[in-house]
Amino acid sequence: MKKTLNEQIICAGFGGQGIMLMGKLLAEAGMREGYCVSWLPSYGAEVRGGTAHSMVHISDNAIASPTISLPTTCIVMNKPSLAKFTGKLRKRGLLIVNTSMVDRIPQKAGVKTLKFPLTDLAADMGNVKTANMIAVGVFTKAKKIFPLKNVLEELEKVLRLDESLIALNKKAIKLGYSLVN
Amino acid sequence: MRKAKGRVRRPDGKRILITGNEACGEGAVQAGLRFYAGYPITPQNELTAYMSRRMLDVGGTFIQAESELAAISMVFGATVAGVRAMTSSSSPGISLKQEGISYLAACELPAVIVNIMRGGPGLGNIAPSQSDYFQATKGGGHGDYHMVVLAPASCQEMLDFTRELFDIADRYRGPVMVLGDGILGQMMEPVIVDRRSSIDVRRESQTTNDKRQTTKSWALTGCKGRKPNVIKSLRLKEGELEAFNEKLEKKYDLIRKREIRFEKYRTEGAKIIIVAYGTSSRIGRASVDRLRKYGIKAGLFRPISLWPFPYEALKKLDKGNTKFLTVEMSAGQMLEDVRLAIEDKSRVHFYGRTGGGIPSEEAIVREAISYKL
């Protein structure tokens with residue numbers, strides 16, 4: 001019998017990096033796959049430049065509390081978030097780090113760390129705001145909870161933007177997906 | 001690619017991911033809400049924002065009032081004219097609305113009030129809390145009155161309960177409350193939104209977009225060609241108020257008989273029963289599963305109607321030596337009702353978190369084990 005899925009993701013970074021959106025897209029993709037999902041934003045006077053995080057559960061079972069104290073995955077987009085959340089990562093957890101904004105990454109035993117200069121990669125693509133989507137692609141490939149197709153199709157529902165920006169975001173997701181072996 | 005286990009797989013077409021606040025707003029719209037007045041406050045802002053869009057869609061009225069007091073008074077004005085009306089706020093704002101709620105009860109006017117609780121007292125903080133239980137169930141305003149209070153525990157219930165509360169408010173002619181917390185308001189979960197049935201069609205015809213038309217015979221709709229209706233809360237004549245109080249009590253007795261709601265989970269043979277509502281009940285349920293895994297006979301009793309409180313149903317679970325663990329995001333408020341139900345205080349225990357703290361499964365399990373021994 002397969003192990004029960006109980007994925008608990010914290011997406012964290014600066015306000016303005018699309019942290020809420022990143023979480024929402026992961027939840028939508030999980031929901032489409034038939035899992036129980038929840039999404040919870042961080043409260044606070046979080047504005048552009050402040051820290052923000054969103055918590056996403058993707059689970060086989062009904063979700064008790066949508067909060068997360070011990071995440072199985074941390075997607076860290078800036079330096080303050082690294083200090084705040086990665087210490088709580090579970091064993092065999094996944095850490096995705098945006099090395100464009102984090103210089104030193106503490107080694108934690110038993111944690112799989114994927115490091116990419118997400119902001120720089122996004123800037124190379126032409127829009128620095130797509131760093132979050134590259135991270136979504138990385139997560140999708142690394143965890144294989146839902147297929148890439150889900151993410152790309154849900155993106156159209158979540159992002160209400162014109163076609164060229166949708167295409168750019170899809171490109172970013174695919175780039176992230178290709179970064180992981 | 002692994003597959004989700006069969007039992008959680010549901011037809012996906014109609015489920016959408018929305019916040020509890022938005023689900024609540026949609027439930028109200030489906031119930032025929034055509035008047036919403038509110039004043040912004042975290043963590044219920046998504047509801048006010050949702051209403052500002054949706055009231056336009058359905059030809060209703062949305063007003064961002066100048067204060068909470070103004071909002072509840074506007075709701076009073078709308079409902080007295082026979083329109084389905086609602087206001088919402090979070091704890092400090094609900095305190096401000098208490099005068100209006102008392103007047104709604106005194107004038108027997110249906111209205112839905114939504115409280116997405118945050119930490120208190122005072123301005124407190126903006127984190128989720130359940131510390132307005134007393135205020136909601138024991139009369140936050142003055143005078144002998146009650147209101148039906150339902151406590152949802154999911155985004156789906158935010159929609160379903162809100163929708164139904166409009167019927168309850170009309171049936172008994174009085175204010176009713178949706179009591180949620182910051183988590184239920186701000187979290188997103190899959191919600192089946194489109195559940196329109198024939199009942200909804202009937203609802204629509206009851207309250208039309210035209211605010212002059214209503215089937216509520218008591219409403220103040222202009223008395224041309226009929227006897228004027230009088231709606232007031234001042235009853236100065238000798239014995240007048242007492243007679244009214246007695247009438248209200250009869251109504252409340254009827255509500256106590258008919259509107260009690262609760263949920264039981266794995267209470268069969270349970271030696272320790274966790275009593276929790278709303279968000280706490282979700283965590284309580286997971287704790288029960290964990291305790292059962294450890295071989296401890298635990299169950300969950302979840303009051304859904306906080307007023308009227310399901311005293312009898314809870315008492316029935318007491319086998320004489322059963323232990324009860326009340327779990328709340330407060331310093332212990334519903335605890336008093338659990339004690340009233342069980343009577344033997346020595347078997348009613350409490351675990352709570354305050355100021356935005358959320359009880360963890362681990363802590364509840366630990367508490368349950370320590371009381372069971």
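Reminder, nothing fancy here: chain letters follow the sequence lines and each chain counts from 1.
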Pick one of side chain, backbone, both or neither for B/Ile358, based on which atoms fall under 4.5 Å of a heavy atom in chain A. side chain
Could you tell me the separation between the CZ atom of A/Arg32 and the CZ atom of B/Arg15, rounded to the nearest 0.5 Å? 12.5 Å
Greater than 12 external heavy atoms within 6.0 Å of A/Ile105's CD1: yes
Looking at A/Ile63, is its backbone amide N or carbonyl O close enough to the side chain of B/Arg282 to form a donor-acceptor pair, meaning the two atoms are under 3.5 Å apart? yes
Chain B interface, residue from A/Ala64, A/Ser54, A/Ser69 that has the most non-hydrogen pairs under 4.5 Å: A/Ala64
Measure the CE-OG distance between B/Met187 and A/Ser38 for me, rounded to the nearest 0.5 Å. 4.5 Å
Looking at every heavy atom in both A/Pro66 and B/Ile183, which two are closest together, and how far apart are they? CG-CG2, 3.4 Å
Does any backbone or side-chain atom of A/Lys143 lie under 4.5 Å from a heavy atom of chain B? Answer side chain, backbone, both or neither. neither
For B/Tyr39, does the OH atom sit with more than 12 other heavy atoms under 6.0 Å from it, leaving out its own atoms? no
What pair of heavy atoms forms the shortest contact from A/Leu40 to B/Gln186, and how long is it? CD1-C, 4.4 Å
Side chain from CB out, backbone as N, CA, C, O: work out which of these in A/Ser65 comes under 4.5 Å of a heavy atom of chain B, or both, or neither. both
Contact summary for B/Leu17 and A/Met31, nearest pair of heavy atoms: N-CE, 3.9 Å
A/Lys141, NZ atom: more than 12 neighbouring heavy atoms under 6.0 Å: yes
